[in-house]
Number of protein chains: 2
Amino acid sequence: MRKIRKFSAPEPSMRRLPAYLHVLTRLLRENRLYVSCTFISNELYLDPTQVRKDLALTGIVGKPRVGYSVEELIDKIKAFLGWDVQRNAFLVGVGNLGTALLGYQRFRLYGLNIVTAFDKDPRRIGKTIFGVDVLHVDKMTNLALRNKIDIGIITVGEDAAQEVADLMVQGFIKGIWNFAPKTLIVPDDVIVENAQLSVSLGVLTSKMKLSQTEKNMV
Amino acid sequence: MRKIRKFSAPEPSMRRLPAYLHVLTRLLRENRLYVSCTFISNELYLDPTQVRKDLALTGIVGKPRVGYSVEELIDKIKAFLGWDVQRNAFLVGVGNLGTALLGYQRFRLYGLNIVTAFDKDPRRIGKTIFGVDVLHVDKMTNLALRNKIDIGIITVGEDAAQEVADLMVQGFIKGIWNFAPKTLIVPDDVIVENAQLSVSLGVLTSKMKLSQTEKNMV
DNA sequence: TAGATTGTTAATCGATTAACAATC
DNA sequence: TAGATTGTTAATCGATTAACAATC
């Protein structure tokens, strides 16, 4: 196995932080100034020590007996997740899922700015979907080189996914968000995050199957 | 913390299995009869022992020097993930994401059958989207009780998510696939799988931030 | 002050990886 | 048979949880 030096924080922690942000945003709306780990852990059914460690990763310092400043904590978590800067993205594959992502307003909260979409289907090219133009995928690499594009979103089928990833790498895109059910091969300095729906569904249906077995066992 | 007796398999393993299935499906198309752990681990950049342990979870028995039967392995993994049976699902929230899920043909491969969709927006009610009728969400609970519905898919906003989950629980739905950015509170016998896009995006942008820091450090 | 909460160190738990015997 | 591969046990690694001192 290729060993990669690990600078990055524990992934389980990274995955919990967005949920903290949801709670904190609500508290901010309610004008709460401070929050304790215990409060967050109760809201999310997590261990309070785990919450404390996760928060410590962001560099925040709390006040004993008082807790953490809600506002400061929101800022620190956003910075930790890299949501404090705007990132320009290209999306390739304007099918159902791609279209849904183009219309997902919430991405603005995370600094994700999808500037252009691409496809190879002539029926889709030339359209404007949720204010985003759809161009032929052949134009993607050059456009990525000219405008600095941070993130490439892959919402094509599994057959085209590697091809699209290659074009993104050529366009010096350093982060790929891959929704295609395919393991991508990219250089070491390119980060791939997989977001296959099947993975999540598999966890659900696998656990459901097990809970049926449990019932039979009782 | 509430301790839950754990029957279910390690979640990391469950999350890797769909990727194995992709490789195996390709091999099946290529008419390969047998496959070794080493082959799969090379394809997916995983440790071969890890692959072997994951496969062992499915109950498959391999032949030394030969490997595992591709066809049998596919069946075993599908059974393990609970993808060997059809499950009826209701989807609530016919926004962009909900619509995309209704049109996602691949779900059939996983046994997921979305039978009806729901919303509370009168402009959406009465429509048929990708062959699925959209009804008012008030009708959901009763319909779930009358037809046996296994899975509820929540694609509403965070404000309505808990409310929708409550209705699903009342309708005896035992598995909830939650795309809303909200931690749901449900009885112990209901399984919730969260599939927030923000979690995946957060991992990507957090790692990208770190790799920029690395560059500055060099 | 007393006590709630943070921050940190130690212990436990679970997942990954290494080593190796069994097998065909 | 020799050797590739499985299956399993042991070692390591990392994440979670417990314990407790520091703080305001």
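Please read all numbers here as calculations on a predicted model, not as lab measurements. Lettering follows sequence order; numbering is per chain, from 1.
- dG14(D) atom P lies 14 Å from atom CG of D47(B), rounded to whole Å.
- Closest contact between the side chain of T49(B) and the listed nucleotides dG7(C), dA15(D), dA18(C) involves dA18(C).
- Using modelled atom types and a 3.5 Å distance limit, the side chains of N88(B) and D150(B) yield no donor-acceptor pair.
- For dT17(D), its base sits under 3.5 Å from the side chain of K53(A) at one donor and acceptor pair at least.
- Rounded to an integer number of Å, the gap from L57(A) CG to dT16(D) C1' is 13 Å.
- Shown here are the salt bridge (charged side-chain N to carboxylate O under 4.0 Å, His left out) partners of R32(A), two or more places apart in sequence or in another chain: there are none.
- For L46(A) and dT17(D), the CG to P distance is 9 Å, given to the nearest whole Å.
- With sequence neighbours left out, W83(A) forms a ring pair (Phe, Tyr, Trp, His ring centres under 6.0 Å) with Y110(A).
- To the nearest angstrom, C1' of dT6(C) lies 14 Å from CD of E72(A).
- Checking dA15(D), dA15(C), dT16(C) against the side-chain heavy atoms of P10(A) singles out dA15(D) as nearest.
- A search for ring pair (Phe, Tyr, Trp, His ring centres under 6.0 Å) contacts involving F118(A) returns F90(A), not counting sequence neighbours.
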Exercise. How does DNA chain C read in dot-bracket, base by base from 5' to 3', with Watson-Crick or G-U pairs under 3.5 Å and | used when the partner is on another strand?
Worked result: ..||||||||||||||||||||||
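- Pairs engaging residues 57-78 of chain B under the side chain to side chain donor-acceptor pair (under 3.5 Å) rule: Y34(B)-K63(B) [sequence neighbours left out].
- In this entry the distance linking OH of Y34(A) with P of dT23(D) reads 19 Å, nearest Å.
- A salt bridge links R106(B) with E158(A); the closest basic N to acidic carboxylate O contact falls under 4.0 Å.
- For D166(A), the side-chain hydrogen bond (donor to acceptor under 3.5 Å, both in side chains) partners are Q162(A), not counting sequence neighbours.
- Residues meeting the salt bridge (charged side-chain N to carboxylate O under 4.0 Å, His left out) test with R16(A), sequence neighbours left out: D54(A).
- Residues that satisfy the ring pair (Phe, Tyr, Trp, His ring centres under 6.0 Å) test with F107(A), not counting sequence neighbours, are Y104(A), W177(A).
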So which protein N/O to nucleotides 1-5 of chain C N/O distances come out below 3.5 Å?
residue	atom	partner	partner atom	Å
dG3(C)	N2	R65(A)	NE	3.2
dT5(C)	O4'	R65(A)	N	3.3

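- Spacing between atom CG of L55(B) and atom P of dT6(D) amounts to 9 Å, rounded to whole angstrom units.
- In this entry the distance linking CZ of R15(A) with C1' of dA15(D) reads 15 Å, nearest Å.
- The distance from atom CE of M14(B) to atom P of dT16(C) is 12 Å, rounded to the nearest whole Å.
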